[in-house]
Amino acid sequence: MPRHDWLVGRDRRSEAAERIYAAAAELIARGGYEAFSIETLAAQVHCSPATIYRHAGGKAAIRDAVVAIQATRIVDTARQAIKDLTGSDRVVTATIVALQGLQSDPLAHLMRSMHETPISEWITNSPAVNGFAAEMLGLEEDDPIAAQWLIRVFLALWCWPLKDPDVQRAMLQRFLGPPYSTDC
């Protein structure tokens, strides 16, 4: 029986990485990060563990890439929602849209259930997350403290969501929005 190479005729590196990350996302969403292994992933994509390491790195690198892919999707949705907004409206809308995206994402439990690195340390130290937060703030000057504040507010609302979306919006408008208001 002939064997089909799933990379024939394509850019091997990018095609392999995409396929590996998609399978990893599925495995992690189904069984959690702790149960995820390179060997299981290799079996899922019909290759050797060496191929996984060569194209995507180890378990932590794959986790980071999968989370970055999911985060990019959520951030792209937030970017669209805030493209014409400034100040308080921008940061409140970005936070609400991003929270809705994350709360509906099947991989959200991945980030909340990781035991290796505490979630707050891993997320708050991520250059990508800090960049997303700075972009969502829409400030003219770089303000790492404001980005960290937004990340922490976001984490609190993600880990302890309010049941009523109207109350959540009111809370964000009252306590998160004012520092970024253009009316000051």
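We count residues from 1, following the sequence as given.
Here CZ of Arg79 is found 10.0 Å from OG1 of Thr77. Values are rounded to the nearest 0.5 Å. Considering CG of Leu176 and CG of Leu137, their distance stands at 8.0 Å, rounded to 0.5 Å. The distance from atom CZ of Phe154 to atom CZ of Phe132, rounded to the nearest 0.5 Å, is 11.5 Å. Separating the CD atom in Gln70 from the CD1 atom in Ile28 is a distance of 9.5 Å, to the nearest 0.5 Å. One distance of note links CG of Asp64 with OG of Ser126; it measures 7.5 Å at 0.5 Å rounding. To the nearest 0.5 Å, the span separating CD1 on Ile74 from OG on Ser104 amounts to 7.0 Å.
Clustering ILVMFWY residues whenever any of their side-chain heavy atoms sit less than 4.5 angstrom apart, transitively, puts Val67 in the very cluster that holds Leu99. One hydrophobic cluster holds both Ile69 and Val45 under the rule that ILVMFWY side chains link at heavy-atom gaps under 4.5 Å. Phe175 and Val97 are assigned to two separate hydrophobic clusters, defined by single-linkage of ILVMFWY side chains at heavy-atom distances under 4.5 Å. Under a hydrophobic-cluster definition in which Ile, Leu, Val, Met, Phe, Trp and Tyr are linked whenever side-chain heavy atoms come within less than 4.5 Å, directly or via other members, Leu155 and Ile145 are assigned to different clusters.
The shortest side-chain heavy-atom distance between Leu172 and Leu157 falls under the 4.5 Å cut-off. Proximity of Ile82 to Leu85: side-chain heavy atoms (C-beta onward) are separated by under 4.5 Å at one or more points. Here the side chains of Arg90 and Tyr180 are not in contact, with every heavy-atom distance at 4.5 Å or above. Taking 4.5 Å as the limit, some side-chain heavy atom of Val91 sits within range of a side-chain heavy atom of Leu150. For the pair Asn125/Asn130, no side-chain contact is recorded, criterion being any heavy-atom separation below 4.5 Å from C-beta on. With a 4.5 Å cut-off on side-chain heavy atoms, Ile52 and Glu39 do not count as touching. Counting only heavy atoms from C-beta outward, the side chains of Thr40 and Gln44 never approach each other to under 4.5 Å.
Nearest heavy-atom pair, Ala94 versus Ala78, reported as atom, atom and distance to 0.1 Å: O-CB, 4.3 Å. Minimum heavy-atom separation, Gln148 to Thr124: NE2-O, 2.9 Å. Summarising the geometry of Ala147 relative to Ala133, their closest heavy-atom pair is O-CB, 3.7 Å, with the distance given to 0.1 Å. Scanning all heavy atoms of the two residues, the minimum distance from Leu41 to Ala24 falls at CD1-N, 3.5 Å. Nearest heavy-atom pair, Ser88 versus Gly177, reported as atom, atom and distance to 0.1 Å: OG-CA, 3.1 Å. Between Ile20 and His55, the closest heavy-atom pair is CD1-CB, 3.9 Å.
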Does Asp76 form a salt bridge (Lys or Arg N to Asp or Glu O under 4.0 Å) with Arg73? I'd like the steps, not just the answer.
CA-CA 5 Å; Asp76 285 346; Arg73 289 182 187 136; over 6 Å; no
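For the pair Thr72 (side chain) and Ala68 (backbone), a donor-acceptor distance under 3.5 Å is present.
Annotation: cation-pi pair Lys59/Tyr53 absent, no NZ/CZ under 6.0 Å from the ring centroid and within 45° of its normal.
The pair Glu26-Arg30 meets the salt-bridge criterion, since a charged nitrogen lies less than 4.0 angstrom from a carboxylate oxygen.
Checking Asp89, Ile96, Thr95 one by one against Val92, the side chain to side chain contact (heavy atoms under 4.5 Å, CB included) holds for a single residue, Ile96.
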